[in-house]
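What follows is a set of notes on a single structure, which appears directly below.
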Amino acid sequence: MRIRSAIAVSAASAAAAFTLLSAAAPSQAAAGPATRTARCTEQALTVRARAVPGRPTVLRTRVTNRSGRACLVDRVPTVTFGNLDGIALPTPQGGAGSYRLAAGGTAHADIRTIGDPADPQARRVPGVAVAASAAHWGRSFTAAQLGTGAKVLVWEPVTTWWQPSAAAADRAIGLS
């Protein structure tokens, strides 16, 4: 009985909410979504990645919005490594949220693939995939394209949040 009464109350509440929303003036009802910045489509973005010269365990990535309008990507890039499970974790933690890319704008993030290249637990993968949003397929880069040698060494990888400049991304991961 309690379940049925809860369903009846929920249905009545939903009907009341619908009535209130439909009675709102059209300009009030449309104001919220019209002022929001849309998510970036994958086709509007260019993603690039390359190892830092002399430091093959740190990758610099960037995403450029080629569209004529500002749009949103995830606060941190989604970075996957070959056929390994898992992704690079954001540093600092709390990567949920969005980053606004201006029309024609570029954001930068650094990825540390491994803390100690001599670590015996290091995994070796043929490449890395980087996406500006978890909903995107992203772009795959081979170790040769990245400049990391024959393979990419991976163990407990981290990535910065998107930053306004490469120097800011370097500082966020501790290169400067």
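One is the number of the first residue; the rest follow in order along the sequence. Note that this is a predicted model, so its numbers are computed, not measured.
- Taking the side chain as every heavy atom from C-beta outward, Leu59 and Thr148 approach each other to under 4.5 Å.
- Applying the side chain to side chain contact (heavy atoms under 4.5 Å, CB included) criterion to Ala167, with sequence neighbours excluded, gives Ser165, Arg171.
- Note on Leu153 and Leu84: separate hydrophobic clusters, where clusters join Ile, Leu, Val, Met, Phe, Trp and Tyr whose side-chain heavy atoms are under 4.5 Å apart, directly or indirectly.
- With sequence neighbours excluded, the residues forming a side chain to side chain contact (heavy atoms under 4.5 Å, CB included) with Ala70 are Thr37, Arg100, listed by chain and number.
- Listed by chain and residue number, nothing satisfies the side-chain hydrogen bond (donor to acceptor under 3.5 Å, both in side chains) test with Ser140 (two or more places apart in sequence, or in another chain).
- Placement of Val128 and Val73 within a single hydrophobic cluster is found when ILVMFWY residues are connected by side-chain heavy-atom separations under 4.5 Å, directly or transitively.
- The minimum heavy-atom distance between Ala143 and Gly149, with the atom names listed, is CB-O, 3.3 Å.
- Applying the disulfide bond (SG atoms under 2.5 Å apart) test to residues at least two apart or on different chains, the pairs with a partner in residues 47-87 are Cys40-Cys71.
- The backbone N or O of Gly105 lies less than 3.5 Å from no partner atom in the side chain of Asn65, so there is not a single donor-acceptor pair.
- Among all heavy-atom pairs drawn from Ala109 and Thr160, the shortest one is CA-OG1, 3.3 Å.
- Judged as a side chain to side chain donor-acceptor pair (under 3.5 Å), the pairs with a partner in residues 101-115 (not counting sequence neighbours) are, in order, Thr64-Thr106.
- Through ILVMFWY side-chain contacts below 4.5 Å, Ile87 is grouped with nothing and stands alone.
- The cluster map of Ile, Leu, Val, Met, Phe, Trp and Tyr, joined by side-chain heavy atoms under 4.5 Å apart, puts Tyr99 and Val130 in the same cluster.
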Using distance only, find each side-chain donor-acceptor pair of residues 43-57 under 3.5 Å and give its atom names and separation, not counting sequence neighbours.
from	atom 1	to	atom 2	distance (Å)
Thr46	OG1	Arg66	NH1	2.8
Arg50	NH1	Gln145	O	2.5
Arg50	NH1	Leu146	O	3.3

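- In plain terms, the two heavy atoms of Gly138 and Ala131 that are nearest each other are CA-CB, 3.6 Å.
- Within the structure, every pair that satisfies the side chain to side chain donor-acceptor pair (under 3.5 Å) test and touches residues 120-139, not counting sequence neighbours, is listed here: Arg39-Ser133, Gln121-Trp155.
- Among pairs with a residue in residues 78-89, none fulfils salt bridge (Lys or Arg N to Asp or Glu O under 4.0 Å), at least two apart in sequence or across chains.
- Each disulfide bond (SG atoms under 2.5 Å apart) pair with one or both residues in residues 96-176, not counting sequence neighbours, would appear here, but there are none.
- Contact of the Ile111 side chain with the Phe81 side chain is registered, since non-hydrogen atoms from C-beta on lie closer than 4.5 Å.
- Remark: of the listed residues Thr80, Thr142, Val154, Val154 is the sole one forming a side-chain contact (heavy atoms from CB on, under 4.5 Å) with Val125.
- Residues Val152 and Gly127 approach most closely at CG2-CA, 4.3 Å, considering heavy atoms.
- Side-chain N or O atoms of Trp162 include one that pairs as donor or acceptor with a backbone N or O of Asp74 at under 3.5 Å.
- Annotation: salt bridge (charged side-chain N to carboxylate O under 4.0 Å, His left out) contacts of Arg60 (sequence neighbours excluded): Asp170.
- The side chain to side chain contact (heavy atoms under 4.5 Å, CB included) test applied to Ala38 returns no partner, not counting sequence neighbours.
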